[in-house]
Every structure is written in structure tokens, then in C-alpha cells.
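For reference, the structure discussed in these notes is given below.
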Amino acid sequence: MTIESFLTDKFCKAIEKLYLQTIDINQIQIQKTKKDFTGDYTINVFPFLKISKKTPEQTASEIGNFLKNNLEEINSFEVIKGFLNLSFSDSFWINELNKTSEKTENTLTDSKNILIEYSSPNTNKPLHLGHIRNNLIGHSLSEILKATGNHVTKVNLINDRGIHICKSMLAWQKWGNGITPGKANIKGDKLVGDFYVLFDKEYKKQIAELLAKGKTQEQAENETVLILEVREMLRKWEAGDAEVRKLWITMNNWVYNGFEKTYKILGITFDKTHYESQTYELGKKEVYKGLEKNVLIKKDDNSICADLTDDGLDEKVLLRSDGTSVYITQDIGTAIMRKNEFYADKMIYVVGNEQNYHFQVLKLVLKKLGYDWHKNISHLSYGMVELPQGKMKSREGTVVDADDLIDEMFATAKSISDELGKLDGLSEVEKTEIVKMVGLGALKYFILKVDPKKNMLYNPVESIDFNGNTGPFIQYTHARIKSVLRKANEISLNVPEKVLENTEINETEKSIIKLIADFKNIISEAATELNPALIANYVYTLAKEYNQFYHDFSILKEENTDKRNFRLFLSSVTAKRIKDSMRLLGIDVPERM
RNA sequence: GGUUCCGUAGCUCAGUUGGAUAGAGCAACAGCCUUCUAAGCUGUGGGCCGCGCGUUCGAAUCGCGCCGGAAUCACCA
């Protein structure tokens, strides 16, 4: 039971006793008391004045007195206007801290079968900062949902077919001279991406030529040699042409090898990988079935559409007039395949907010096709990462490349470490490990601390900070605590498993305990809201509070044994909380830094 | 133009089931290392919470209308 529900219950009973009336527990607003006031929890008595028929102050005082007299946990209270500020006893809080040693600490409640899709790259270009955000959110959410007891399956859906991939392939055929990632000594995704850009460059040239000959923009775009060739290539691909398929497999594998390296360094993993090329045919079948059931319509030009006008949307094409599939066709197939394969209670798609409309349509189409479970699909629509000059555009070269950014983080972490001399005396292997941990910590925290739903800004000139509200700050706090605990061990001071309830504690220590006791609430909130930023904000607050404590009070030199034991225990639990929180964000914490 | 989302300190972000005096970090300035890691701690300045009207005892938070920005409205993915 949480402290809040405990208080709600007692408050209800107090009202019943005092005013002989029952109330709806939803009327009770409990919140943590603000820092400027004395108290731990605050209850607003305004809603109950009609029942008490007294002033706010009188009502709050009466209830406060009742609670204080009837609950040993409550020590004192203060009334300011309609606010009843309740203070719990120190021993209550120490007891809360002691509970962290108990096994029941990790009791989990949810047990849904959740499938989460994230990453979902195209195989025609390397990963950039936007993909990093996607991957980090997906990974973190998976961890958070697991932490609340769910069974989670992490799935990557690779967009491995379509005209955009043919563009890279065609460019390679024409101008590649048989180059491979090995010969060029670059990552495969980079090489393929270069050819994609090259195609676009040459394509634009040809458009310009046609425009000069007096064609309209639309004509020019559709009549260049390149676009005709690439469409022919796509047609061959769909027809299973051996040569095209072979090149397709080769180039896609180059890309996968490149992605693999980036995923590995970021610590991103999947339980299952799906490929669009393997699901679009199932999607097609479903569309035909829908046509037979008369829930879809066939237009005069033979294209098949869903009429969504009743839901306030337009008609949506599901199969082209030539019978080939569009993007949403495979998503229909994929969803159905997943539902059948994983018996998912819930399917979460971590996909950018630019696809909000797509998911609205997808759900409605599945509904039309008779799949009741369409309501178990949720689109975690995350915001774009923008640059000071606006959106990243791969064709204009304004993308922040994932690998480059990661390397930059490592370099910065290294130069700061060298400058501070913090890692002197460690082996090169250890140094490298810590530098990578800190560099990644900075990057991951920078991204995850922002509400996923919101667009965020990355300024390459300012880059990512290592001081203040940052990953390294939190990692540093962990390393600091570990350092104290090592020193304690050296002088044979053991961290106790529990501490005495009557130990005298100060306000800073109490604040830390309150944060520690709040951990579970935060995790379940993050799980329901699908929001890792809540964990990030939590762990930052905890680290900040601990640093103040660390600065203001001595641990090892405290002469009172009970206090010293308490502080050692508090430090140890804080380190554990920091580590656990950061793990939920996919961030490792070092023992020293 | 329709739909959806966003607008909080110079900058990046918290805070929203309506509650007390709106918080952090960065940047600026001023302090704190003979004492457990200064990637730290303390302090100063900085705000018509986009604008207006409404609902309410009470609005950054809810409603309506403006203004500004983004995404989307493809037989692209």
C-alpha cells in the first residue's frame, strides 16, 4: 500500500467520525507538501466545507487533531488557509527506508503481454539523431514496462523494400564501380546512404534539364530517365527478378551490418526483427478479404480503398490500381501477424508524430476488417528532434549522424576526464569503459529527460552538456557514493541491512528518504504514461538532494554510531536507486569516474 | 483551407486528474576544496506562464476566440 492510499483511507474515516458523513475518495486531494512549508503531505479541505459547515481553518484543525490523536505515524500538523499539512514521525520515515531491504519491495502488479515496436529504420540511409531518440525511448519503455511486471516483446520492423531502396541500388549499379563497404572502408549503411544521396543529386539534375526543355514540374519529375529506370527496377523486384533480388539482398546486408554496430554501441537490442518484405503479402490478402466482405470499396480504376468519411477522415488507398501495395498495406499485415504470433494484449508502436494520421487510419481500417483488438494498439507518438535551423533533412545534409554524434560524446567525455585527472591510475581498458559510459550517459539522458511527446531541440554548436541536469551528473553522484562505501569498507565499517527507528535524522536526510519511498509510484506513473522522462526527472532530483546532503554532512566521520550507520545505509540505498533508475533509462553508472 | 499537437526566465526543459509565493539546468555575476571525488555545493539577478474573454472560492493547468510555430491531409515511406 502506498503512503497516499494509506492517508486517503484514514482521512475518509476521520471525516466519517467527525461529521457523520461518507465521502467519495476521489474528492480527496493529497499532494506532497511544498518545500517552503512544514509537513510531508498536504490535504486540501476546501471540498469538505459543505460537510463540516465550518471555516477552512477550523475544519483543517479538527481533522488534523483527529488524525494526530488516532495515528501514531502522524507527529504533528499545521494549518494554513484550507491546507492541512501533516508531518509523519521520523521513525515512520526510517521504517520506510528499512522497507527497501525487504523482498516484497519488488512486488509487481501488471502482467500483460505487451509488444513494443521501435527503431523501424529504412535501409536506404544511416541512422541519425531522430532514430536515436526513437531507439532510446523504445528501449527505456520496454524496461519500464518490464519493471511493472509485464511480459514485453521488443520488435524491430525493418522497412526493407520500396522505391527508396531501389534508388540506392540503381545509383550503385550505375556509378558504384563494384565498390563495397570493405573496399571503401566505411560502414555499409553509410555507403548505401551515399548512393541514395547521389541518386537524388543526379535525379534533380535531370529534372532541371527537362524543365529547361519546357516541361512542367510534374512532367519533369515523372519523365526523367532515372525515375523510369528506378520504377522498372521496383517492378522487377516485385516480380522476383533474380539479379535485382540479389543486389537487394547484398546491399541490405551491408546496411544491416552497419546498423548492428550502431545498435550495439547504444545497447539497443530486440527480441524479434520483422521485415516489411515479409508481411506486405499478408496485408494484400487481408485487403482482398475486406473487399469480399464489402467493408472496403473498389474504385473505377481498380484501386482498393477504405472509406473513412464516417470517421471524419478521407478515403484511403490500400492497394494501387496496378495491384501493388502501399505502405499501410504491410502495416495491416504486420499487425495481424503479430497479434496471431504473440497473443499481445497491447501493441505499442514507437513512431514519430509525423505518422499520427497513418495510425489513426491503420486502427480504423483494422476495425473495418473486423479486428476488435484494434483498440489495443497504441501509437507512442514522439516529437521530432529539431536543429536551430529547423527539421533535419538527409538530402540537404543537415542530419546529425548517429555514429558521429556518439563519437563526439566519447571524445568530450575523454577530454573532460583527462582534464580533471579523475581516471589517473586506471588501466586503459578501464578508462575507455568509463569514458564510453559517461559519453553515452550524457547523450541518452539529454534525450530521455524530455517528454517524448514534445519536439525537442539539439544545437550542434552547444552540443550536450556534462554539468548540471545531465547524465554525467547523476553518474558522478553514484560514483561518489560508491567511493564512500569503498572507504567505509577499508576501515571496516559495514553498511547495515536496517537502521534503528529512533535514529535522529535531519531535513535533508528526510527528503532523500521521501524520494526513495516514492520510487514505485514514479515507475508505475512512467509505465501508464509511457514516459521515461518521469524517471529521468526523478533520478535527477534524487541525485541533487543527495549531493546537498553529501556536501553538508559527514558520513564516515560522524561519531554517533547510529547516525553513521543510518547515513551509510541511506547512501547505499540511494546508490541502488540511482543505478536502478538509470537502468530503466538504459544508462549504465560507473563505480568511479 | 481541414485536422492534430505545441507556445513557461536570454537559451534548453520541468511543473497540467484546477490549489499556497511558477521550478531546475545552461549562460552571467559573487562565494566554497589542508576534511568521505569541486563532473560538486551556496548565493544574486532574470517571468503579463503567447494575447483576450469566460467557468471557479481559486487557472500556467479547464472552455471559447485570436496570434505565432510544427506535423499531416500521396496510388511516398
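Below, chain A is the first sequence line, B the second, and so on; all start at residue 1.
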Reckon [X] touches a base, only the sugar-phosphate, or nothing at all at heavy-atom distances under 4.0 Å?
X        : value
A:Met456 : sugar-phosphate
A:Asp311 : nothing
A:Asp451 : sugar-phosphate
A:Tyr357 : sugar-phosphate
A:Lys453 : nothing
A:Ile555 : base
A:Phe83  : base
A:Thr324 : nothing
A:Gln31  : nothing

Separation of the [atom1] atoms in [N] and [M], to the nearest angstrom:
N     : M     : atom1 : value
B:C32 : B:G69 : P     : 48 Å
B:A24 : B:A9  : C1'   : 11 Å
B:G47 : B:G15 : C1'   : 14 Å
B:C64 : B:U4  : P     : 10 Å
B:C29 : B:G10 : C1'   : 15 Å
B:G52 : B:A27 : C1'   : 34 Å

- Query: Should A:Arg567 and A:Glu509 count as an ion pair when the cut-off is N to O under 4.0 Å?
  - Reply: yes
- Note on the structure: Given Watson-Crick and G-U pairs under 3.5 Å, RNA chain B in dot-bracket ([ ] crossing, | other strand) is (((((((..((((.....[...)))).(((((.......))))).....(((((..]....))))))))))))....
- Mark yes when over 12 heavy atoms from residues, nucleotides or ligands other than A:Glu218 sit less than 6.0 Å from its CD; otherwise mark no. no
- Could you tell me whether A:Leu420 atom CG has more than 12 heavy atoms of other residues or ligands within 6.0 Å of it? yes
Find the distance [X]:[atom1] to [N]:[atom2] and express it as a whole number of Å.
X        : N     : atom1 : atom2 : result
A:Arg564 : B:U35 : CZ    : P     : 21 Å
A:Ile332 : B:A77 : CD1   : P     : 13 Å
A:Glu419 : B:A38 : CD    : P     : 16 Å
A:Leu313 : B:A74 : CG    : P     : 11 Å
A:Tyr382 : B:C6  : OH    : C1'   : 17 Å
A:His551 : B:G31 : NE2   : C1'   : 11 Å
A:Phe473 : B:C13 : CZ    : P     : 20 Å
A:Asp552 : B:G40 : CG    : P     : 16 Å

- Query: Would A:Phe11 and A:Tyr41 count as a close aromatic pair, with their ring centres under 6.0 Å?
  - Reply: no
Calculate, to the nearest 0.5 Å, the distance between atoms [atom1] and [atom2] belonging to [X] and [Y] respectively.
X        : Y        : atom1 : atom2 : result
A:Thr324 : A:Arg235 : OG1   : CZ    : 11.5 Å
A:Gln278 : A:Thr334 : CD    : OG1   : 10.0 Å
A:Met409 : A:Lys436 : CE    : NZ    : 14.5 Å

- Message: Quick test of the criterion, 5.5 Å between centres and less than 30° between planes. Is A:Tyr540 stacked on B:A24 or not?
- Response: no
- B:G40 base stacked by A:Tyr476? Criteria: ring centres under 5.5 Å, plane angle under 30°. no
Phosphate contact ([N] OP1 or OP2) by [X] side-chain N/O below 4.0 Å:
X        : N     : value
A:Asn455 : B:A71 : no
A:Lys449 : B:A24 : no
A:Arg320 : B:C76 : yes
A:Lys34  : B:A22 : no
A:Lys454 : B:G7  : yes
A:Gln355 : B:U72 : no
A:Lys544 : B:G25 : yes

- What about A:Asn547, does its side chain sit under 3.5 Å from the base of B:A38 through a donor-acceptor pair? no
- Message: Using side chain to side chain contact (heavy atoms under 4.5 Å, CB included), reason through A:Arg564 and A:Leu556 one step at a time and then give a plain yes or no.
- Response: CA-CA 7 Å; A:Arg564 191 180 61 221; A:Leu556 301 177; 5.6 Å; no
- Message: Suppose the criterion is side-chain hydrogen bond (donor to acceptor under 3.5 Å, both in side chains): which pairs have a residue in residues 157-166 of chain A, not counting sequence neighbours?
- Response: A:Asn122-A:Asn159, A:Asp160-A:Ser277, A:Arg161-A:Glu238, A:Arg161-A:Glu276, A:Arg161-A:Ser325
- Query: Checking side chain to side chain donor-acceptor pair (under 3.5 Å) for the pair A:Asn353/A:His379: CA distance, chi angles, key distance, verdict?
  - Reply: CA-CA 9 Å; A:Asn353 61 16; A:His379 172 204; over 6 Å; no
- Message: Show, in sequence, the C-alpha distance, side-chain angles and deciding distance for A:Tyr445 and A:Phe473, and conclude whether the ring-ring contact (aromatic ring centres under 6.0 Å, His included) test is met.
- Response: CA-CA 10 Å; A:Tyr445 184 87; A:Phe473 168 83; 8.9 Å; no
- Note on the structure: Assert: residue with more 5' nearest nucleotide on RNA chain B, out of A:Ala413 and A:Asp36, is A:Asp36
- Which residue lies more 5' along RNA chain B, comparing A:Val450 with A:Ser321 via nearest heavy atoms: A:Val450
- Item | side chain to side chain donor-acceptor pair (under 3.5 Å) assessment of A:Ser119 paired with A:Asn135 | CA-CA 5 Å; A:Ser119 204; A:Asn135 283 300; 2.7 Å; yes
Between [options], which nucleotide gets closest to the side-chain atoms of [X]?
X        : options             : result
A:Tyr550 : B:A20, B:U35, B:U37 : B:U37
A:Asn469 : B:A77, B:C73, B:G25 : B:G25
A:Asn537 : B:C13, B:A77, B:A14 : B:A14
A:His358 : B:A71, B:A77, B:C26 : B:A77

- Task: Pull out every residue in residues 42-60 of chain A that has a heavy atom closer than 4.0 Å to any atom of RNA chain B, ordered by number, or say none.
- Result: A:Thr42, A:Asn44, A:Phe46
- Item | Stepwise side chain to side chain donor-acceptor pair (under 3.5 Å) check, A:Thr55 with A:Gln58 | CA-CA 5 Å; A:Thr55 65; A:Gln58 285 173 320; 3.2 Å; yes
